[in-house]
Protein chains: 2
Amino acid sequence: MIARRKNKVESPPVNCPLSECLSIIGGAWTPNIIWYLSAQSRRFSELKDDLQGISPKVLTQRLKKLEAEGVVNREVMPTSPPTVEYSLTPLGNELKPAIEAIVEVGHKLKRLKG
Amino acid sequence: MIARRKNKVESPPVNCPLSECLSIIGGAWTPNIIWYLSAQSRRFSELKDDLQGISPKVLTQRLKKLEAEGVVNREVMPTSPPTVEYSLTPLGNELKPAIEAIVEVGHKLKRLKG
DNA sequence: CTGTATCCTTGGCGATACTG
DNA sequence: CAGTATCGCCAAGGATACAG
């Protein structure tokens, strides 16, 4: 007899958490922003330099979204002229393993494919 | 010819090795496709059922791209009617840790944020 | 069953100029 | 320095019908 295959894959609940996390790190520049912030806290224009080519609009969009999600902390420093420090929150640090896994695989792919 | 403004959307930033991997798992349905294939090999319409809501066009697009990248293997079975088996290549399996890390973080986020 | 072929909408992103 | 405000494009993705 032909072993009829299972109609369902074992654990479908995966759909949700995947989207949950990817909706955070999914933006075009977002992973790199988190990457740089995971190394150290950065100011707006420092990030703008880190992410060469990003427009201030998009950088603002991303940072605001990340801040709203509780992933990034924004702190205005009482300096003159005023500067703003961005850093990862504890929640933001939870993302680091995923980012690192992605980086890891990125390296492997690079080795394997050229 | 008309000189077009060069505001076309470029590929993600090149600063860190993130892009390499994200360009593979970055598509809208791609992570889930890889997830389902990591459990077992699947046929086209099985994947279409797994990924409820995906259009055949997009599923084809993704599978072709993944196949071209060496991540997914496509095998036509000599059955009647013909069926096609998709599975992960060894290279594709390299992606699993990253996917799993993302899932992991997805769970954490869900716990922490409700 | 396994895809193609079209058409259409959307929103993400780029570029640039301007403000406190 | 740290953003906002506008404008515009275009490619990803949805919907649907058709084909081998």
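Every chain is numbered from 1, with letters handed out A, B, ... down the list of sequences.
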Is any side-chain heavy atom of [Y] closer than 4.5 Å to one of [X]?
X: A/K48; Y: A/P56; result: yes
X: B/L88; Y: B/N73; result: no
X: A/L59; Y: A/W29; result: no

Verify the contact: side-chain N or O of [X] to OP1 or OP2 of [N], cut-off strictly under 4.0 Å; return yes or no.
X: B/K64; N: C/dT4; value: yes
X: A/Y86; N: D/dC1; value: no
X: A/R74; N: D/dG3; value: yes

Problem set entry | Given C/dA15, D/dA17, C/dT2, the nucleotide with the shortest approach to the side chain of B/P56 |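 Nearest to the side-chain atoms of B/P56, counting from C-beta on, is D/dA17.
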Exercise. Out of C/dG14, D/dG3, D/dG14, which has the shortest distance to the side chain of A/V84?
Worked result: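 That would be D/dG3.
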Taking [atom1] from [X] and [atom2] from [N], how many angstroms apart are they, rounded to a whole number?
X: B/L63; N: C/dG3; atom1: CG; atom2: C1'; value: 11 Å
X: B/I54; N: D/dT16; atom1: CD1; atom2: P; value: 16 Å
X: A/E46; N: D/dG3; atom1: CD; atom2: P; value: 13 Å

Could you check whether [X] gets within reach of a base, just the sugar-phosphate, or nothing at all, counting any heavy atom under 4.0 Å?
X: B/K57; result: base
X: A/T83; result: sugar-phosphate
X: A/S45; result: sugar-phosphate
X: B/P82; result: sugar-phosphate

Problem set entry | With sequence neighbours excluded, residues passing side chain to side chain donor-acceptor pair (under 3.5 Å) with B/K108 |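 Counting only residues at least two positions away or on another chain, B/K108 forms a side chain to side chain donor-acceptor pair (under 3.5 Å) with A/E94.
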